[in-house]
Amino acid sequence: MATQILTLVGVLIGALTYFATASIERAKSRREMTTRWDERKLETYIEYVTCIKEISRAARDAGRARDEGRDPAEALWAMEASENKRSVLFETFILLSHDAAATAAHAVNQRTWELLRAAREPGNGTAQLDIPLVEALNGLHAAARSDLAIGRAAGGR
């Protein structure tokens, strides 16, 4: 009888060890997956904001060219190319981001479209391109930092 009890205790200890190890491995796997998604999310946020800045820079270049009596075609072409890239990046952004960051990105899109419309107008120079894009980007930066838990302890998520 004693050997059967010892065998049963051994089996129970083995089962507990197995479940504890499996639980630890699952938690480790979840942390690794979260880290991977956060890295992908950060890359997407950076690419999206960079694209917005490229659009803004090209629009201002087009406005300056008009102000100086030069042809803005090259700057407008660069602006349109960046807008096409932004459109694709935005889909990834929305899929990966939390609601606050997605809402902030929608606001950035609205300001960007206003800038694009103004830059496409043949008579518009830099004076007509005063669109509040920076304020929208600041809101996006804050939402992205919150989404990525930047500035907080990682455990405070």
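Throughout, residue positions are numbered sequentially from 1 according to the sequence presented.
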Problem - Backbone N/O of Gly123 and side chain of Arg66: donor-acceptor pair under 3.5 Å - result: no
Handout entry: Nearest-0.5 Å distance that lies between atom CD in Glu43 and atom CG in Leu89
Key = 11.5 Å
Exercise for the section: May I ask you to test the Arg117-Glu114 pair for a side-chain heavy-atom distance under 4.5 Å? Expected result: yes
Exercise for the section: Would you mind reporting whether Glu47 and Thr50 have side-chain heavy atoms less than 4.5 Å apart? Expected result: no
Problem - Residue list, salt bridge (charged side-chain N to carboxylate O under 4.0 Å, His left out) with Glu68, at least two apart or on another chain - result: Arg70
Solution key, residues 127-140 side-chain donor-acceptor pairs under 3.5 Å, sequence neighbours excluded:
unit_1 : atom_1 : unit_2 : atom_2 : d
Gln128 : OE1    : Gly125 : N      : 2.7

Practice task
Provide the closest heavy-atom pair for Tyr48 versus Ala105 in the form atom of the first, atom of the second, distance.
Solution key: OH-O, 3.5 Å
Practice task
Give the cluster check for Ile52 versus Val88: same hydrophobic cluster or not, with ILVMFWY residues linked at side-chain heavy-atom distances below 4.5 Å.
Solution key: no
Handout entry: Pairs where residues 101-128 contributes a residue and the test ring pair (Phe, Tyr, Trp, His ring centres under 6.0 Å) is met, not counting sequence neighbours
Key = Phe90-His106
Exercise for the section: Ignoring hydrogens and angles, tell me if any N or O in the side chain of Asp147 forms a donor-acceptor pair with the backbone of Ala101 under 3.5 Å. Expected result: no
Exercise for the section: Go through the structure and list residues passing side-chain hydrogen bond (donor to acceptor under 3.5 Å, both in side chains) with Thr44, not counting sequence neighbours. Expected result: Arg40
Per-pair distances, 0.1 Å, donor-acceptor, side chain in residues 71-84, under 3.5 Å, sequence neighbours excluded:
unit_1 : atom_1 : unit_2 : atom_2 : d
Asp71  : OD1    : Ala73  : N      : 3.2
Glu80  : OE1    : Arg120 : NH2    : 3.0
Glu80  : OE2    : Arg120 : NE     : 2.7
Glu80  : OE2    : Arg120 : NH2    : 3.2
Ser82  : OG     : Glu54  : OE1    : 3.3
Ser82  : OG     : Ala78  : O      : 3.2
Glu83  : OE1    : Arg86  : NE     : 2.7
Glu83  : OE2    : Arg86  : NH2    : 2.8
Asn84  : ND2    : Glu80  : O      : 3.4

Exercise for the section: Please check if the side chain of Ser97 supplies one atom and the backbone of Phe93 the other of a donor-acceptor pair under 3.5 Å. Expected result: yes
Exercise for the section: Measure the CG-CG distance between Leu12 and Leu8 for me, rounded to the nearest 0.5 Å. Expected result: 4.5 Å
Problem - Heavy-atom closest contact (Ala102 atom, Ile94 atom, distance) - result: CB-CD1, 3.6 Å
Problem - Thr17 side chain vs Ile13 backbone, donor-acceptor pair below 3.5 Å - result: yes
Completion exercise
Across all chains, not counting sequence neighbours, the ring pair (Phe, Tyr, Trp, His ring centres under 6.0 Å) partners of His141 are none
Handout entry: NZ/NE/NH1/NH2 to OD/OE distance under 4.0 Å, Asp67 and Arg64
Key = no
